[in-house]
Protein chains: 2
Amino acid sequence: MGSDPAALGHIRDQVGCALRNFLGQQRAVLLATGDELLPGLAALTELLAAGKRLRPAFCYWGWRGAGGADGPPILAAAASLELLHASALVHDDVMDGSDTRRGRPSLHRMFAARHAEQGWRGSPELFGVNAAILLGDLLLAWTDAMFHGSGLPAETLQRGQPVLDMMRTEVMAGQYLDLLGQAAGDGTVASALRVVRYKTAKYTIERPLQLGAALAGQPDGPVPAAYSAYGLPLGVAFQLRDDILGVFGDPAQTGKPAGDDVREGKRTVLLAIARSRASAAQARVIDQRLGDPGLDDAGMAEVREVITGTGALAACESMIGQHVGQAVAALAAAPITGTARAALAELAVAATARHD
Amino acid sequence: MGSDPAALGHIRDQVGCALRNFLGQQRAVLLATGDELLPGLAALTELLAAGKRLRPAFCYWGWRGAGGADGPPILAAAASLELLHASALVHDDVMDGSDTRRGRPSLHRMFAARHAEQGWRGSPELFGVNAAILLGDLLLAWTDAMFHGSGLPAETLQRGQPVLDMMRTEVMAGQYLDLLGQAAGDGTVASALRVVRYKTAKYTIERPLQLGAALAGQPDGPVPAAYSAYGLPLGVAFQLRDDILGVFGDPAQTGKPAGDDVREGKRTVLLAIARSRASAAQARVIDQRLGDPGLDDAGMAEVREVITGTGALAACESMIGQHVGQAVAALAAAPITGTARAALAELAVAATARHD
């Protein structure tokens, strides 16, 4: 077991390979337009070199579980989800004004720095943001290019297309609900959980699994239903773990400064639980610190103390345990292949472990 | 002839219908997530209700010219290009900080106003920009949903996919070159023409025609070659007309305040020609006014005088004439159906007429 099971390690390698091949093909297209595009491609290549490849892994095992055979085409189709995810990360960082991603400067900061170094005309910040909007768009468009160029037959891909479409509409809708929640939300645990359902649980786990099943010829029926029963609670557990890591995690492991969620005013489930259990004094700490861009280490320590002191941390850990339990129970009853069942059990642990 | 030929009017109606049907389907998906998404859908529906539908028209006639039969599926596939284009417009307006689009507030301004009216938390401007980034992403993702849900067979769609992919990569690359040109460009006519090639000529005319041809079974050979010979010069002429309308046009017709291109520092071919022919005093006017966000009517009048006085306006009109002539000559020799030849001749006029 542990945080990097064999099933995930193998897929990581194959997905990395497929992405490098795809980016190599795109290089030729971009070069035909102009070699000024190569720094952009280099930045995307670097961004895509990292990542846990969770969505491709769930897509791949969704396919295998539904009886699909191993081979490069399904891995390339699954890898296309990394392009979608990278697009979301690039645009998220713009929207949140985040400085870092995966331990390096975020794309918009990278291009702003390039503009400043070169002494170009206009505002470096605006140039960085605009370049990142365009590169995020390119990644999103490339999702389809890679999916349809995966080598799977046209009829097979057509079966998967509605799931891919649904997945994208849902994640963007979830992100919009998140944005709206920050601006106008009621801050309840129920509201935060609804965002998690669309932005994380469906997007990261349920839909990738069902995409694999649909590609393998099972767009409806007991297999995709079992993938919902496993994927939705596991997705909630995955996001709760992420909430905790965002406040208590080691920046060297998360690739993000601790407290960015709080600084950016993210209404996470963890914070909503803390707020719902807070005394007047504790509530004041959360209300003052949440969304404060100047939040420092001392302020973060106060927030951590409130989250621990209210029992929100323990409640969140307990919810993770319950949800993983539900997911694993659903897996035991799922009408899928034994290999897939074993791999998905490992993935459930890997996606929600304390130190991933 | 005139600015609204029958061929385009018919397609406009059908494309409008197909888009309304598609948006109706998406409404159900969004409602399942939450009814807070309906104002976003309403804004997109309104944005998509307008537009000349040029790219769908070229795609449709590209198909018909290559021998494809009329019918709803090709019109729905062609209409998907309006979603791609609307996505580009929404993100362009964010990148340019434009206040208006098609005579109404741009999407990010609309959502900023909504935020301010409701008295929500945080910055209205940031909320507007973030909502527009997400809605632009949604439109881009919907391009594929609509293309693949058009009713054309999977094998047919698979033939078109590489052209759609190429078109998107090229337009995003062209936009990046445009951004880079504003920041670091040499301001030459050649540089401006290269941006026009990718951002407009290929994206608006050549690739939509070739997408139609590929869907109809002719991804290579004399038909797509003829579409390049017609589409590339026509696309340059189309952009030059747009450059002129951006400076001399009637805002009631263009839907944009006159001078926005100059205010936003767009290095258009028209301005590059004027700059290359300018005296020292005239050059000073361009250099001072280009990219000045506070540019007023008097300043715009000065810019117009330089463009006229240097002969750039006349040179641009002459280039338009030459390029349309090239396009029409290529059309005469194109191995396509007579109906398509006649429609494309009308479209060449409609796309480049003085008062469109």
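What you see below is based on every heavy atom in this structure, not just the backbone, and it leaves out hydrogens, waters and symmetry mates. In the text below, chain A, chain B and the rest are named by the order of the sequence lines, each starting its count at 1.
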Show me the donor-acceptor pairs under 3.5 Å between chain B and chain A.
unit_1, atom_1, unit_2, atom_2, d
Ala32(B), O, Tyr198(A), OH, 3.0
Thr33(B), O, Arg194(A), NH1, 3.0
Glu36(B), OE1, Arg194(A), NH1, 3.4
Glu36(B), OE1, Arg194(A), NH2, 3.4
Glu36(B), OE2, Arg194(A), NH2, 2.4
His91(B), ND1, Asp137(A), OD1, 3.0
His91(B), ND1, Asp137(A), OD2, 2.8
Met95(B), O, Asn130(A), ND2, 3.1
Arg121(B), N, Ala183(A), O, 2.8
Arg121(B), NE, Gln182(A), O, 3.0
Arg121(B), NH2, Gly181(A), O, 3.3
Arg121(B), NH2, Gly185(A), O, 3.0
Asn130(B), ND2, Met95(A), O, 3.1
Asp137(B), OD1, His91(A), ND1, 3.0
Asp137(B), OD2, His91(A), ND1, 2.8
Trp142(B), NE1, Thr169(A), OG1, 3.0
His148(B), NE2, His148(A), NE2, 3.0
Thr169(B), OG1, Trp142(A), NE1, 3.0
Gly181(B), O, Arg121(A), NH2, 3.2
Gln182(B), O, Arg121(A), NE, 3.0
Ala183(B), O, Arg121(A), N, 2.9
Gly185(B), O, Arg121(A), NH2, 3.0
Arg194(B), NH1, Thr33(A), O, 3.0
Arg194(B), NH1, Glu36(A), OE1, 3.4
Arg194(B), NH2, Glu36(A), OE1, 3.4
Arg194(B), NH2, Glu36(A), OE2, 2.4
Tyr198(B), OH, Ala32(A), O, 3.0

Inset, instruction - Answer with side chain, backbone, both or neither: which region of Phe147(A) has an atom nearer than 4.5 Å to a non-hydrogen atom of chain B? - result: neither

Inset, instruction - Check each atom of Leu180(A) against the heavy atoms of chain B and say whether the ones under 4.5 Å are side chain, backbone, both or neither. - result: both

Inset, instruction - Select, from Val29(A), Leu179(A), Leu30(A), the one with the greatest count of heavy-atom pairs under 4.5 Å involving chain B. - result: Leu179(A)

Legend entry - Top of Gly265(B), Gly122(B), Ala141(B) for chain A proximity - count of heavy-atom pairs under 4.5 angstrom: Ala141(B)

Inset, instruction - Side chain from CB out, backbone as N, CA, C, O: work out which of these in Leu157(B) comes under 4.5 Å of a heavy atom of chain A, or both, or neither. - result: side chain

Inset, instruction - Determine whether Met95(B) and Leu134(A) make a side-chain contact, defined as any pair of heavy atoms from C-beta on separated by less than 4.5 Å. - result: yes

